[in-house]
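Remarks on the structure that follows.
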Amino acid sequence: MLETLINGALVGALYGLYGLGLSLCLGLMRQINLAHGDFIIFSAFIALQLMTHFGIHPLLALPIVAPIMFVVGWLLQRFVMERTLGRGEMPPILVSFGLSVILQNVMLELFSADTKSLDPGALGTAAVNLGSVAIGVLPLLTLAVAVGIFALTAAVFGSTRFGRAVRATSDNEAVAQLMGIRTRRVFANAMGAALAISAIAAIFYGMRGTFDPSTGPERMLFAFEAVILGGLGSIWGTLAGGIILGIAQAAGTLIIPSLGPLVGHIIFLIGLLLMPGGLFTKRIRA
């Protein structure tokens, strides 16, 4: 039981990494990107092509895939999502939903519907024995990378000029423009950062599981649940929400192997009913 719950928490760190990019779009930029999960799968397919054609280990593909997805995110925001700004909440949702459908069909044509995975080599079977508990090296590495990415993101968005510009633009775009902030460029850079983070999550996901062009919406669901459980706009809360979700799924698997995802969804629903703002929501007192 202890081993299962620990591994559930480590899987939850990956869920938190899914949600971090979505948290930037939803909490800071006030945009809902329904294609977020599909971009995760698209990143995994790019890493697969690098591994297949050039023999690059998935971890060594990280410095290549992440910048590619940053450029994709920058272009996506600048030439597609930017056209929906200031037109209400529905246009970004509808446009990103259309992108999700298009991206799934493009991946289906390019890569087929076969299930794929990223071979981590010896890293996939290596484990650390802590008494009677065996913990995989790859899940531990995923946790370490996730914590590092969260710490770096929190530092960038909390203490740098760019982070202050993003938060100012999120609070009031008109006032931010009056202060000389180029809001459209800020949003484009933030979307690029969101997809670059998603690319990192995609590679660790591909090394730990299987994927195909249709698995994006499920990744999106886990990311959304992690963000809402942790608290909208809270970076560290997203990591906490992902870990809670992973532990809930692991606990459900102990009862019935096929019950894990359902228990995670139930915990999300209970959390939403008891704490609609999430665990670490930012409360403002008038």
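Just so we're clear, the structure is a prediction, and the values are computed from it rather than from any experiment. These values consider heavy atoms only, across backbone and side chains, with no hydrogens, waters or symmetry-generated copies.
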inquiry  = As an exercise, state the distance from CD1 of Ile40 to OH of Tyr205, rounded to the nearest 0.5 Å.
reply    =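 The distance works out to 9.0 Å.
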Applying the 4.5 Å side-chain criterion to the ILVMFWY set and letting contacts propagate, would [X] and [Y] be lumped into a single cluster?
{"X": "Ile256", "Y": "Ile267", "result": "yes"}
{"X": "Met69", "Y": "Leu48", "result": "yes"}
{"X": "Leu20", "Y": "Leu62", "result": "yes"}
{"X": "Leu34", "Y": "Leu221", "result": "no"}
{"X": "Leu75", "Y": "Ile46", "result": "no"}

| Any side-chain donor paired with an acceptor under 3.5 Å for Asn33 and Ser96? | no
With distance as the sole criterion, is a donor-acceptor pair present between the side chains of Gln249 and Tyr15 under 3.5 Å?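 Per modelled atom types, Gln249 and Tyr15 side chains form a pair under 3.5 Å.
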Check whether any side-chain N or O of [X] sits under 3.5 Å from a backbone N or O of [Y] as a donor-acceptor pair, and report yes or no.
{"X": "Lys116", "Y": "Phe111", "value": "yes"}
{"X": "Thr215", "Y": "Asp212", "value": "yes"}
{"X": "Ser112", "Y": "Leu108", "value": "no"}
{"X": "Ser234", "Y": "Gly231", "value": "no"}

Does [atom1] belonging to [X] count more than 12 external heavy atoms closer than 6.0 Å?
{"X": "Phe42", "atom1": "CZ", "value": "no"}
{"X": "Phe224", "atom1": "CZ", "value": "no"}
{"X": "Phe162", "atom1": "CZ", "value": "yes"}

Exercise for review: Could you check Leu10 against Thr142 for side-chain contact (heavy atoms from CB on, under 4.5 Å), going step by step and ending with a plain yes or no?
Suggested key: CA-CA 7 Å; Leu10 296 177; Thr142 304; over 6 Å; no
Practice task
Would you check, one step at a time, whether the test ring-ring contact (aromatic ring centres under 6.0 Å, His included) holds for Tyr18 with Phe222?
Solution key: CA-CA 7 Å; Tyr18 292 162; Phe222 292 153; 7.1 Å; no
task: May I ask you to decide if the ring planes of Phe79 and Trp74 are parallel, tilted or perpendicular, using 30° and 60° as cut-offs?
output: perpendicular
- Let me see the working for Leu24 and Thr153 under side-chain contact (heavy atoms from CB on, under 4.5 Å), right down to the final yes or no. CA-CA 10 Å; Leu24 297 181; Thr153 304; 4.1 Å; yes
key: Minimum heavy-atom distance between Val65 and Ala199, given as atom pair plus value   =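 Closest approach of Val65 to Ala199: CG1-CB, 3.9 Å.
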Give the C-alpha distance, both sets of side-chain angles, the deciding distance and a yes or no for side-chain contact (heavy atoms from CB on, under 4.5 Å) between Phe211 and Thr115. CA-CA 6 Å; Phe211 56 91; Thr115 300; over 6 Å; no
Discussion item. Is there a side-chain contact between Ser198 and His36 in this structure, where contact means two heavy atoms from C-beta onward sitting under 4.5 Å apart?
Written reply: yes
